[in-house]
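The block underneath contains the structure these notes are about, expressed in structure tokens.
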Amino acid sequence: MSGPEPTLIDTHCHFEAGDDAAALLREAAEAGVGVVAVGGNPALNATAEASGTWFAQGFDWSCEGAPPTLAAKPGMVAVGELGFDLHWRGPETAAAQRACFEAQAAFARAHGLPVIVHTREADALTLEALRAAALPRAGVIHSYTGGIPLARAFLDLGYLISFSGIVTFRNADALREVARYVPGDRILVETDAPYLAPVPYRGRRNRPAYVRATADAVAALRGEAPEAFAARTVANARALFRLSAPEVGP
């Protein structure tokens, strides 16, 4: 639903079946935070669409077997999350993950949508698949955890890089260097809620309003004023997802 212009956008939030999405979106709106609700499996696709905010639908690395079926829907701003994970799935699943990815990349191409990409312990596979897909609208590498050379490769393909609460963790010095490196017009922030709550909320169940802590931390790393950095990420999110009227929850 429409509301005041958000001063920050959580570009990647999952709503699970037991979540009170309306309450979480109200809390976010009160904090000036807009939200992109993201799917990844049938249950998360359903809760993302039902949340009433901008949303993405897709099938993540756990997708195996027959390629998934997607349908373009009003309010859908991206395909995702999709991608590759060889941490939770072994290398023997790489071919199935690739088939799942390619089916969704074809859908994104046909409907002019960007993609929201997950990669974990599968960077070479992810990079090769994105190069082969050569999507005209590219997308975003969500909750980035890699180094600068990999970030440079994704940036060269036209992708944005999104940082979650991981960038605030004590042992994330290398990731903080990446947050300093990414160009200002290619950076986003997210929660990946209900996971990865940033400091000072670490250990709690994450929620969209907490994205402010991540944004403030990244702004400090980059030597930017928090308000200016937040406004830059909002502009980047609006351009990537072609977001229309402000959406900050019901």
Side-chain angles (χ1 to χ4, degrees), residues 1-15 19-39 44 47-57 73-78 80-81 113-114 116 137 139-144 160-165 167-168 179 182-198 200-201 204-222 224-250:
M1 296 179 64
S2 296
E5 178 74 16
T7 58
L8 193 60
I9 295 177
D10 175 6
T11 59
H12 195 111
C13 168
H14 299 292
F15 291 120
D19 290 335
D20 187 341
L24 290 169
L25 288 170
R26 282 195 299 271
E27 177 187 62
E30 290 167 2
V33 173
V35 177
V36 177
V38 178
L44 292 177
T47 55
E49 183 179 3
S51 68
T53 187
W54 302 303
F55 68 93
Q57 295 197 331
K73 299 180 179 181
M76 185 174 168
V77 298
E81 63 184 275
L113 292 169
I116 298 173
R137 284 194 60 193
V140 56
I141 311 300
H142 104 89
S143 191
Y144 189 76
L160 281 74
I161 305 292
S162 181
F163 294 92
S164 68
V167 77
T168 71
V182 173
D185 63 346
R186 308 291 289 283
I187 195 168
L188 296 173
V189 288
E190 64 174 88
T191 58
D192 201 16
Y195 315 107
L196 305 178
Y201 306 108
R204 303 185 193 179
R205 185 177 176 85
N206 207 358
R207 46 211 300 145
Y210 291 173
V211 76
R212 185 78 60 183
T214 298
D216 287 351
V218 175
L221 288 171
R222 296 169 62 90
E224 300 182 30
E227 297 83 0
F229 176 73
R232 186 191 296 265
T233 65
V234 168
N236 293 344
R238 287 200 177 280
L240 174 66
F241 297 122
R242 294 181 181 170
L243 303 181
S244 54
E247 300 237 354
V248 293

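Note: hydrogens, waters and symmetry copies are ignored here, and every other heavy atom, side chains too, is used.
- Residue Phe229 comes nearest to Ala219 through the heavy atom pair CB-CB, 3.6 Å, listed as atom of the first residue, atom of the second, then distance.
- With hydrogens and angles ignored, the 3.5 Å screen pairs a side-chain donor or acceptor of Thr47 with a backbone N or O of Phe15.
- Aromatic ring orientation, His12 versus His142: parallel (interplanar angle below 30°, classes split at 30° and 60°).
- Separating the CZ atom in Arg26 from the CG atom in Asp20 is a distance of 6.5 Å, to the nearest 0.5 Å.
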Where do Val167 and Leu221 land on the side-chain contact (heavy atoms from CB on, under 4.5 Å) test, with the steps shown first?
CA-CA 10 Å; Val167 77; Leu221 288 171; 4.2 Å; yes
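- The shortest side-chain heavy-atom distance between Ile9 and Phe241 does not fall under the 4.5 Å cut-off.
- At a threshold of 4.5 Å between non-hydrogen side-chain atoms, the residues Asn206 and Tyr201 do not count as touching.
- Between Cys13 and Asp10 the shortest heavy-atom distance is CB-OD2, 3.4 Å.
- With sequence neighbours excluded, the residues that form a salt bridge (charged side-chain N to carboxylate O under 4.0 Å, His left out) with Asp19 are Arg205.
- Side-chain contact check for Thr191 versus Thr214: every heavy-atom pair is 4.5 Å or farther apart.
- Checked by atom type and distance alone, the side chain of Arg186 never pairs as donor or acceptor with a backbone atom of Ile161 at under 3.5 Å.
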Using side-chain contact (heavy atoms from CB on, under 4.5 Å), reason through Glu190 and Val140 one step at a time and then give a plain yes or no.
CA-CA 11 Å; Glu190 64 174 88; Val140 56; 5.7 Å; no
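- Counting all heavy atoms, side chain and backbone alike, Gly184 lies closest to Asn236 at O-ND2, 2.9 Å.
- With hydrogens and angles ignored, the 3.5 Å screen pairs a side-chain donor or acceptor of Thr11 with a backbone N or O of Val189.
- Evaluated for a side chain to side chain contact (heavy atoms under 4.5 Å, CB included) with Ile116, the options Ile141, Val38, Val77 yield exactly one hit, Val38.
- The backbone N or O of Val33 sits nowhere less than 3.5 Å from a side-chain atom of Arg212 that would complete a donor-acceptor pair.
- Residues Pro198 and Ala213 come closest through the heavy atom pair CG-CB, 3.9 Å.
- Contact detail for Leu113 and Met76: the closest heavy-atom pair is CD2-O, 3.8 Å.
- A donor-acceptor contact shorter than 3.5 Å links the side chain of Thr7 to the backbone of Gly32.
- The shortest non-hydrogen separation linking Ala179 to Ile187 is O-CD1, 4.0 Å.
- Formation of a donor-acceptor pair under 3.5 Å by the Ser164 side chain with backbone atoms of Asp192 is not found in this model.
- Taking CG of Asp185 as the reference point, atom CG of Leu240 lies at 12.0 Å (rounded to 0.5 Å).
- The stretch residues 225-234 participates, sequence neighbours left out, in no side chain to side chain donor-acceptor pair (under 3.5 Å) pair at all.
- For the pair Ser51 and Leu25, the minimum side-chain heavy-atom distance is below 4.5 Å.
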